[in-house]
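Structure first, then comments.
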Amino acid sequence: AEVWVALMVFCWRQPFRHDSVPDWLPAQPTGKRGVVLVHGFMCNRGLWLPWFAPLQARGHAYVAVNLEPVMGSIDEYADIIEDAVHKVTAATGQAPVLLCHSMGGLAVRAWLRAHQADGRVHRVLTLGTPHGGTWLGRFSRAVNGRQMSLAGDWVVALQRAEPAGRAALFTCWYSNCDNIVFPVSDSQSMGKIVLVDKIGNNKTGTPFLDRIGHIFQCLFDIGCFGGAGDESAERVGLPGEKFVGFLHIMDQGMSVEDND
């Protein structure tokens, strides 16, 4: 299954279908919070294609960015994210949720640093982001790849520039089967931590993303998940009763817009 998904993502969705479904910014606000989707290293907005129809069906405006130049500095992506956040906010009248895969989480942190935008985002959800860098970064020839080196200069400078309260905006999902971001502890240096069990993740668009995609409502309602007194890290097995419960919560109308 993982090989098939990788082929679908890298040989079909991203090269040929990434512009097949446009961003959705309704002319009139729907009352629902919008979403900015930020892909990871060597990817594009085609990674998120399975998410678009469910988002629109539930009334969530969305913009999925293309981070360019593809092998440029992560710092260069800040204005792209800024533009997306501005569009979604204008369409909804609400601060958006930012949903980020892998390097996309670092790009959002760089955007927060460049634009001091903490007050303009509702929540940042990261999936397999190397917040402390990854061991494989040292071998990259791309600028952004080297910036993701484990405890490298760029990552350390980013951490040092962040105000103490910024981490509270983040919920960081990671897999203990990740073969790109390792050691896995480096996915866990920001905000609330969620370990997703029983899902392989080769960082290629993967069963991790597709399975999470089917339950995206749960991700949006992170507030339901992290009330006072909860542990700082949750352990979630998929498929599992906990996610069934969150789907029920969402169906009862307890969605992101209710957690300001």
Ionic contact status for [Y] with [X], cut-off 4.0 Å:
X	Y	result
D23	R45	yes
E82	K87	no
E162	R109	yes

Can you tell me how far [atom2] of [Y] sits from [atom1] of [X], rounded to the nearest 0.5 angstrom?
X	Y	atom1	atom2	answer
R17	M8	CZ	CE	10.5 Å
S149	W135	OG	CH2	11.0 Å
R146	R141	CZ	CZ	10.0 Å
L98	I81	CG	CD1	7.0 Å
H115	W111	NE2	CH2	8.0 Å
H60	L55	NE2	CG	7.0 Å

Are V65 and M71 linked, directly or through other ILVMFWY residues, by side chains that come within less than 4.5 angstrom of each other? yes
If hydrophobic clusters are built from ILVMFWY residues whose side chains come within less than 4.5 Å, do V156 and L136 share one?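 Each belongs to a different hydrophobic cluster.
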If we ignore hydrogens and angles and just use 3.5 Å, is the side chain of [X] paired with the main-chain N or O of [Y] as donor and acceptor?
X	Y	answer
T89	H86	no
K32	R58	yes
N44	H39	no
Y77	P69	yes
E76	S73	yes
Q116	R113	yes
T129	H131	no
H122	V97	no

Is the number of heavy atoms from other residues, nucleotides or ligands under 6.0 Å of D153 CG greater than 12? no
Verify the neighbour count for atom CE of M42: are there more than 12 heavy atoms of other residues, nucleotides or ligands below 6.0 Å? no
Any non-hydrogen side-chain atom of [X] less than 4.5 Å from a side-chain atom of [Y]?
X	Y	result
L127	S102	no
M148	W154	no
L67	N144	no
R166	L112	yes
L47	R13	no
T171	V124	no
L106	P130	yes
Y62	L37	yes

Measure up the W48 and W51 rings against each other and bin them: parallel (under 30°), tilted (30 to 60°), perpendicular (over 60°).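 Because their plane-to-plane angle is over 60°, the rings of W48 and W51 count as perpendicular.
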